[in-house]
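A short worksheet on the structure shown next.
Residues take their numbers from the sequence shown, with the count starting at 1. Just so it is clear, the model here is predicted, and its values are computed rather than measured.
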Amino acid sequence: MKSTGEQRLEFSLDMKSGVPFYKQIIFQVEMAIADGRLEKGSQLPTVRSLAVDLSINPNTVARAYAEMEIRNIVVTQQGSGTFISDKKINLNAIEREQILSQITKGYLTKAASYGFSLQEILTNINELGSELNKKEEQV
């Protein structure tokens, strides 16, 4: 997803969370707006391209976009695309913590099911965090 700064939001879906895919897309857009990764005027990928990227039915992406348009999160311009509106999205610390907790719990459960210890998981997270920091510093 490109914004005015050519930043791209990488969508991902949790197939086992029980949360419908269209809602996961909406949550990810809302989080990106709330934390400033997406700004007014940022363009979302086309329905078809996001559906292909996520390997889901285009109707699912269309439903997410339609829901966001109803809630004034995005505006669609025929022939141009779907863009972030000027609506402010604010997530409080409790909401952010709940989302992070859900993501973390799923990750830890899956890693533990493969036999990884908590120490191995923490070591891996620290290594990945270091790599991410290096990439951010290069930008």
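- Note that CZ of F11 and CD1 of I25 are 6.5 Å apart. Values are rounded to the nearest 0.5 Å.
- Between the side chain of E67 and the backbone N or O of A64, no donor-acceptor pair lies under 3.5 Å.
- A continuous path of hydrophobic side-chain contacts links L54 to L44 [ILVMFWY only; heavy atoms under 4.5 Å].
- Y22 and I70 fall into different hydrophobic clusters, where Ile, Leu, Val, Met, Phe, Trp and Tyr side chains are chained together by heavy-atom contacts under 4.5 Å.
- Closest of all the heavy-atom pairs between K87 and N72 is CB-O, 3.3 Å.
- Clustering of Ile, Leu, Val, Met, Phe, Trp and Tyr by side-chain heavy atoms under 4.5 Å joins V19 with F27.
- Applying the 6.0 Å contact sphere to CZ of R71 captures more than 12 heavy atoms from other residues, nucleotides or ligands.
- Side-chain atoms of S42 come within 3.5 Å of backbone atoms of E39 as a donor-acceptor pair (strictly under, hydrogens ignored).
- Closest heavy-atom contact between D14 and F21: O-CE2, 4.1 Å.
- Atom CZ of F116 is surrounded by 12 or fewer heavy atoms from other residues, nucleotides or ligands within 6.0 Å.
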Inset, instruction - Go through the steps to decide whether D35 and R96 satisfy the test side chain to side chain contact (heavy atoms under 4.5 Å, CB included), and finish with yes or no. - result: CA-CA 10 Å; D35 68 20; R96 288 182 54 82; 4.2 Å; yes
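- One finds the CZ atom of R63 at 8.0 Å from the OG1 atom of T60 (value rounded to the nearest 0.5 Å).
- Distance alone, capped at 3.5 Å, places no donor-acceptor pair between the Q28 side chain and the L9 backbone.
- Nearest heavy atoms, P58 versus A51: CA-CB, 3.6 Å.
- Hydrophobic clustering, with ILVMFWY side chains joined whenever heavy atoms are under 4.5 angstrom apart, groups M15 together with I26.
- A donor-acceptor contact shorter than 3.5 Å links the side chain of N126 to the backbone of L122.
- Under the 3.5 Å distance criterion, with hydrogens and angles disregarded, a donor-acceptor pair is assigned to the side chains of Q24 and S17.
- Within the 3.5 Å criterion, the main-chain N or O of S101 finds no donor-acceptor partner in the side chain of T104.
- Residues I125 and L132 do not share a hydrophobic cluster, defined by chaining ILVMFWY side chains whose heavy atoms lie under 4.5 Å apart.
- For the residue pair S49/T46, the side-chain donor-acceptor check at 3.5 Å is satisfied.
- Counting non-hydrogen atoms of other residues, nucleotides and ligands closer than 6.0 Å to CG of L100 gives a total above 12.
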Inset, instruction - Could you walk me through whether K23 and E30 pass the salt bridge (charged side-chain N to carboxylate O under 4.0 Å, His left out) test, one step at a time? - result: CA-CA 10 Å; K23 285 187 178 183; E30 288 177 332; over 6 Å; no
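- Within 6.0 Å of the NZ atom in K110, the count of heavy atoms belonging to other residues, nucleotides or ligands does not exceed 12.
- One distance of note links CD1 of I33 with CG of D86; it measures 10.5 Å at 0.5 Å rounding.
- Side chains of L50 and I56 form no contact here, defined as non-hydrogen atoms less than 4.5 Å apart.
- With a 4.5 Å cut-off on side-chain heavy atoms, Y65 and T76 do not count as touching.
- Using a 4.5 Å heavy-atom threshold, the side chains of L128 and E131 count as touching.
- The shortest side-chain heavy-atom distance between I84 and V29 falls under the 4.5 Å cut-off.
- No donor-acceptor pair closer than 3.5 Å links the side chain of K40 to the backbone N or O of F83.
- With hydrophobic clusters built from ILVMFWY side chains whose heavy atoms lie under 4.5 angstrom apart, M68 does not share a cluster with V75.
- From E95, atom CD reaches atom CE of M31 across 9.5 Å, with rounding to the nearest 0.5 Å.
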